[in-house]
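Report on one structure; see the data block that follows.
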Amino acid sequence: MTEAILVVNAGSSSIKFQLFEVGRGDELNRRLKGQIEGIGTRPHFLARDAKGELVVDKSWSDGEVGDLADALDELVAFLREYVGEVPVAIGHRVVHGGPDFTEPAVVSPWVVDRLERFAPLAPLHQSNNLAPIRIVLERRPHLLQVACFDTSFHRGHPDLADRYAIPKNLYDEGVRRYGFHGLSYESIARSLREVAPEIADGRVVVAHLGSGASMCALLAGKSIESSMGFTALDGLPMGTRPGQLDPGIVLYLLREKGMSPNEVEHYLYHDCGLKGLSGVSNDVRELLASTEPKAKFAIDYFTYRIALFTGMLAAALRGIDGFVFTAGIGENAPAVRRSVADRLSWLGIELSEQANTNNELRISRQGSRVACYVLPTDEELTIARHTLRTLRAHTAESLEEKRA
Ligand code: ADP
């Protein structure tokens with residue numbers, strides 16, 4: 001029977017998953033991609049095969065699939081029926097690995113408890129990411145689960161990039177500039193080796209522009225600086241998060257507006273960013289289609305801040321050879337890329353109008369000093385690779401132990 005790796009990305013009311021088959025030479029082939037959304041409200045299960053053909057489209061009535069455990073049951077039953085197998089390992093996306101987890105980790109109850117301590121640093125994600133891990137640990141304790149972190153790729157940052165200008169006792173406690181979207185940047189660093197070897201060993205700024213957005217400075221494929229810090233609130237403005245903010249504003253909200261810490265947290269994660277600026281939407285598609293001046297302002301603000309952070313990251317890299325756009329907005333919004341490139345023409349970025357409009361891979365024009373690319377990110381494949389590598393190492397270790 002073929003081996004398969006399941007990749008899980010769990011949110012507050014959804015599980016996104018992908019199934020990879022392990023082929024010859026440990027090549028990973030995507031077999032299925034899907035999600036169960038609306039868990040607890042209006043559950044809906046959708047999955048497509050590698051060709052994009054719909055293989056399941058199922059809804060449940062009220063009261064059914066009421067929680068994550070039910071949703072996991074449905075997923076396992078479907079995998080058994082459709083693929084005829086249960087995965088040999090599960091790889092999970094976990095947003096925060098804190099200071100300790102610099103590599104993907106084999107999950108145990110102890111590891112999950114440690115990771116739960118970082119929940120306040122990623123309130124939108126961490127506990128949701130950990131919930132399915134706990135359920136599987138309880139039900140199938142011997143199934144290998146691997147936690148893959150959005151922070152790990154940045155953990156090699158030099159000390160200068162890792163610190164805030166605050167007394168060191170807080171740093172020792174874990175108050176550090178972690179950076180996020182590391183699984184995406186790792187995927188891009190790998191793609192660069194294949195599609196753009198001329199810059200893969202150079203100085204590249206990557207803009208991951210999705211509903212969460214950040215930027216990363218890659219030096220020879222390694223992250224040396226990020227726009228995000230302690231939490232995923234910092235850096236660029238996002239769909240509903242403000243990005244970089246004077247900490248005095250938080251004090252103002254607490255003291256002058258009488259908001260509680262929880263209210264401030266909710267405000268900063270849900271009511272700011274493009275949504276707060278435009279009053280129209282957090283979705284860039286809607287903002288680009290809107291005739292409201294505030295929608296245009298929000299897009300201008302977004303691209304202005306991307307250009308500002310490019311300056312910062314280029315300074316960390318001491319120059320720039322390449323620029324990459326990725327994620328939902330980066331891969332699909334030529335108007336956003338055009339606006340960013342216009343603001344960065346002084347750095348030597350010149351786009352080909354046609355290549356940009358057609359979402360081509362290389363969008364800089366011939367002779368542009370900085371090569372500019374649009375690369376699809378594949379965080380799930382990155383997780384599957386880590387999971388398979390960990391599985392192989394784990395199996396080798398078990399054999400060693402048995403022999404000893
Ligand atoms: P995440 O994985 O963080 O939820 P994605 O990387 O899928 O986010 O990006 C989602 C965002 O991408 C949407 O909110 C939307 O603003 C933007 N997006 C997707 N498609 C387009 C498009 N064709 N044009 C402009 N923006 C788009």
Side-chain angles (χ1 to χ4, degrees), residues 7-18 33-38 46 48 92-96 122-126 128-129 148 150-151 179-188 191 206-216 226-228 231-243 269-290 292 295-296 298-303 305-306 324-341 356-360 363 374-383:
V7 172
V8 169
N9 182 357
S12 57
S13 61
S14 70
I15 312 181
K16 290 185 187 155
F17 70 91
Q18 294 197 15
K33 181 176 179 171
Q35 60 201 49
I36 305 182
E37 285 184 318
L46 209 69
R48 293 178 186 276
H92 296 266
R93 178 195 180 205
V94 177
V95 161
H96 219 303
L124 290 194
H125 298 105
Q126 190 80 347
N128 297 322
N129 298 159
C148 299
D150 270 313
T151 46
F180 296 85
H181 294 129
L183 295 161
S184 172
Y185 295 124
E186 193 178 339
S187 153
I188 296 297
S191 302
V206 186
H208 174 107
L209 311 177
S211 51
S214 76
M215 294 174 71
C216 174
S226 159
S227 66
M228 273 183 174
T231 69
L233 279 175
D234 203 1
L236 298 178
M238 295 163 240
T240 58
R241 290 170 254 167
Y269 277 97
H270 297 281
D271 296 334
C272 297
L274 301 177
K275 178 182 167 195
L277 271 176
S278 68
V280 172
S281 170
N282 60 336
D283 192 315
V284 165
R285 276 166 294 203
E286 286 176 37
L287 295 177
L288 289 171
S290 168
E292 282 271 333
K296 182 179 178 316
I299 295 288
D300 283 348
Y301 187 90
F302 185 53
T303 61
R305 302 297 299 186
I306 295 167
V324 177
F325 290 96
T326 191
I329 304 163
E331 291 168 36
N332 297 297
V336 169
R337 296 194 298 258
R338 156 60 51 215
S339 170
V340 171
N356 184 44
T357 309
N358 296 340
N359 293 320
E360 284 173 25
I363 57 169
V374 176
L375 298 180
T377 187
D378 199 339
E379 290 149 298
E380 292 77 13
L381 180 59
T382 307
I383 294 172

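Small disclaimer: the values here were computed from a predicted structure and weren't measured. Whatever order the structure lists ligands and atoms in, that order sets their numbers, starting from 1.
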Check your understanding: Is it true that the side chains of N332 and R337 contain a donor and an acceptor less than 3.5 Å apart?
Key -> no
When every non-hydrogen atom of T357 is compared with those of P334, the smallest separation belongs to O-CG, 4.0 Å
Hits for side chain to side chain donor-acceptor pair (under 3.5 Å) against T240, two or more places apart or cross-chain, chain-then-number order -> none
- Should the ring pair Y185 and H208 be called parallel, tilted or perpendicular, given that the plane angle runs from 0 to 90° and is split at 30 and 60? perpendicular
List below, pair by pair, the N or O atoms of ligand 1 and of the protein that are less than 3.5 Å apart, including the distance to 0.1 Å; reply 'none' if no pair qualifies.
{"unit_1": "ligand 1", "atom_1": "3 (O)", "unit_2": "S211", "atom_2": "N", "d": "3.3"}
{"unit_1": "ligand 1", "atom_1": "3 (O)", "unit_2": "S211", "atom_2": "OG", "d": "2.8"}
{"unit_1": "ligand 1", "atom_1": "4 (O)", "unit_2": "S211", "atom_2": "OG", "d": "2.8"}
{"unit_1": "ligand 1", "atom_1": "6 (O)", "unit_2": "G328", "atom_2": "N", "d": "2.9"}
{"unit_1": "ligand 1", "atom_1": "8 (O)", "unit_2": "S211", "atom_2": "N", "d": "3.2"}
{"unit_1": "ligand 1", "atom_1": "8 (O)", "unit_2": "S211", "atom_2": "OG", "d": "3.4"}
{"unit_1": "ligand 1", "atom_1": "12 (O)", "unit_2": "I329", "atom_2": "N", "d": "3.4"}
{"unit_1": "ligand 1", "atom_1": "16 (O)", "unit_2": "D283", "atom_2": "OD1", "d": "3.2"}
{"unit_1": "ligand 1", "atom_1": "16 (O)", "unit_2": "V284", "atom_2": "N", "d": "2.8"}

Across all chains, not counting sequence neighbours, the side chain to side chain contact (heavy atoms under 4.5 Å, CB included) partners of K16 are N9, Q35
Those residues at least two apart in sequence (or on a different chain) that pass side chain to side chain contact (heavy atoms under 4.5 Å, CB included) with A298 are L274, L277, S278, L287
